[in-house]
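What you are looking at is a predicted structure, and each value in this text was computed from that prediction instead of being measured. Protein chains get the first letters and strands the later ones, always in sequence-line order, with residue 1 at the start of each.
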Amino acid sequence: MAPEQITLYTAKVCPYAQRTEIALAEAGALFKRYEIDLTNKPEWYAPKVNRASKVPAIAYGGPDVAPENPSPESTKLAESLILVEFIADLYPSSNILPTDPVLRAKARFFIEVVSTKFSPNFMKFVSGNPEGTHTAILTGVDAIQDILPDGAKYAVGDQFTIADIAFVPFWARLNLLVQKGIGAYTDEERKNFLKALEDPKYAKFNGYVQRLLERESFKSTFHADVVEGIFTKRFGFAK
Amino acid sequence: MSEQLTLYLHKVSPFSQKIQLALAEANAPYRAYQVNLRNKPEWFTSKLNPVGQVPVLTYGGPNVNPEDPSSLSAKIVESNVILEFLADLYPNSGLLPKDPVLRAKVRFFIDATMKHVEGTYLAFVQGNESFDNVLKAIEFIQELLEEGRNFAVGDHYTIADACISPHLARLKIVTETDIGNFPAGMGYRLGEELEGPRFAKFKKYAQRMLDRPGFQQTHDEEAIIGYFKRRFTNRIQ
């Protein structure tokens, strides 16, 4: 049974939204993509699509309508990780969920580690929050490296899964911004972070993130120019 | 299903209880082991969970004494990860529906429980916030409950119901005993608010969850009250 219409409300700058776009790309799914300007949201967005007024959100099913005119008949779904699992359920052939329950649990645990140890520190670092030190980010890197399997391509094995999808948008943005020196952190912190990552003990992590950035579904949904532009406007350059 | 399941738990932990509820609803055979959290055995942190928390589920491997876990079993931690694991192990139990949209709704309910209920309840009981945010959280949850339905999502007990039930029980205890670090009487006041017509749908749902045999069998009210009395001893004036 073919899935019903999918309309994705998303924003190129947003790492959470990119998770959903990567999943859809892996699934080869047909969908309507609607860009939301996060600095100037349409007034119909919160009441008709997502009360929390955030991206990503999906309107699923219902009649074929323009994204700006969502139908009350479509089901509205939100929360990036829930949407990624939803796409995996709709498109089992996407192969982004392991079939083995134990491996699935490993993937979901990996996502917990990303959510608790890495992604909060990413925004803190870039926005110049005093808790956002390079050491805090390295705690996240350590936690992830600790659970990366040896000799495997991705987070839970050789299969590219929801675990990798959850992490790559955050890593890619941190990596891009730090390479370009964009953000409210000091140049000293930036140098410390880059230097720390050169340590041979991070070989496994560095190999892993390299492979992530080479994944086609990541590349086709990552808009470096937009990320650079918006983050520079918001936070300027490292001093 | 021939692989062994052992659940390391503690009777006052709401997170442990979530798992017990799911196991009960799936009719899954398992071994339960209560961990002494005040005096953690070395084997618990070294072989099961370095963070030292319950619940921990072991799956597979040889049948061993729970105090001597095998390196061959899979160790699964984080209560919501364990809930999804059980839904995967028992795909016909109804713990997660088969329909992708309903599955997303179950997960959204769990997400809402974690984001809204868990934090606000704790902040109130610890004396850090008034119960206003608790009421807002309950309203959020209430709006997800469909009229005339007996469960959080769909027509069957799911991991969404398992996830919220232990918190509902603890909320009830707080409103009935007034135990907590909030100013005296605020627990009773919260209870009065929840009796009002504004929360009728929520109250009905909560009572149905707490009346379930699977819940009653895994709920040790005395132990929880005892634990609360020991833990919340700094009442805000």
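The number of heavy atoms from other shown groups lying within 6.0 Å of OH (Y227(B)) does not exceed 12. Environment of CG in L30(A): sparse, with no more than 12 heavy atoms of neighbouring residues, nucleotides or ligands closer than 6.0 Å. Within a 6.0 Å radius of NZ in K153(A), no more than 12 heavy atoms belonging to other residues, nucleotides or ligands are found. By the 6.0 Å contact criterion, NZ on K204(A) is enclosed, its count of non-hydrogen atoms from other residues, nucleotides or ligands being greater than 12. Counting non-hydrogen atoms of other residues, nucleotides and ligands closer than 6.0 Å to NZ of K204(B) gives a total of 12 or fewer. Applying the 6.0 Å contact sphere to CZ of R234(A) captures no more than 12 heavy atoms from other residues, nucleotides or ligands.
Here the closest non-hydrogen pair linking P100(B) and D89(A) is CB-CB, 3.9 Å.
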Sequence neighbours excluded and cut-off under 3.5 Å, please list the side-chain donor-acceptor pairs for residues 46-54 of chain A, or say none.
| from | atom 1 | to | atom 2 | distance (Å) |
| --- | --- | --- | --- | --- |
| N50(A) | OD1 | A52(A) | N | 3.1 |
| N50(A) | ND2 | K54(A) | O | 2.9 |
| R51(A) | NH1 | E143(B) | OE1 | 2.6 |

Q. Does the pair N80(B) and R108(A) meet the rule for a side chain to side chain contact (heavy atoms under 4.5 Å, CB included), with working shown?
A. CA-CA 9 Å; N80(B) 293 338; R108(A) 291 174 178 134; over 6 Å; no

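With a 4.5 Å cut-off on non-hydrogen atoms, K115(B) touches chain A through its side chain but not through its backbone. Contacts of A74(B) with chain A are made by side-chain atoms alone, with heavy-atom separations under 4.5 Å and no backbone atom involved.
For the pair F109(A) and I76(B), the minimum side-chain heavy-atom distance is 4.5 Å or more. A heavy-atom distance below 4.5 Å is not found between the side chains of L77(A) and F108(B). Residues E78(B) and T116(A) are not in side-chain contact: their nearest non-hydrogen atoms beyond the backbone lie 4.5 Å or more apart.
Using a cutoff of 4.0 Å between basic side-chain nitrogens and carboxylate oxygens, R107(B) and E85(A) are scored as salt-bridged.
In this structure, CG on L103(A) lies 10.5 Å from CZ on F85(B), to the nearest 0.5 angstrom.
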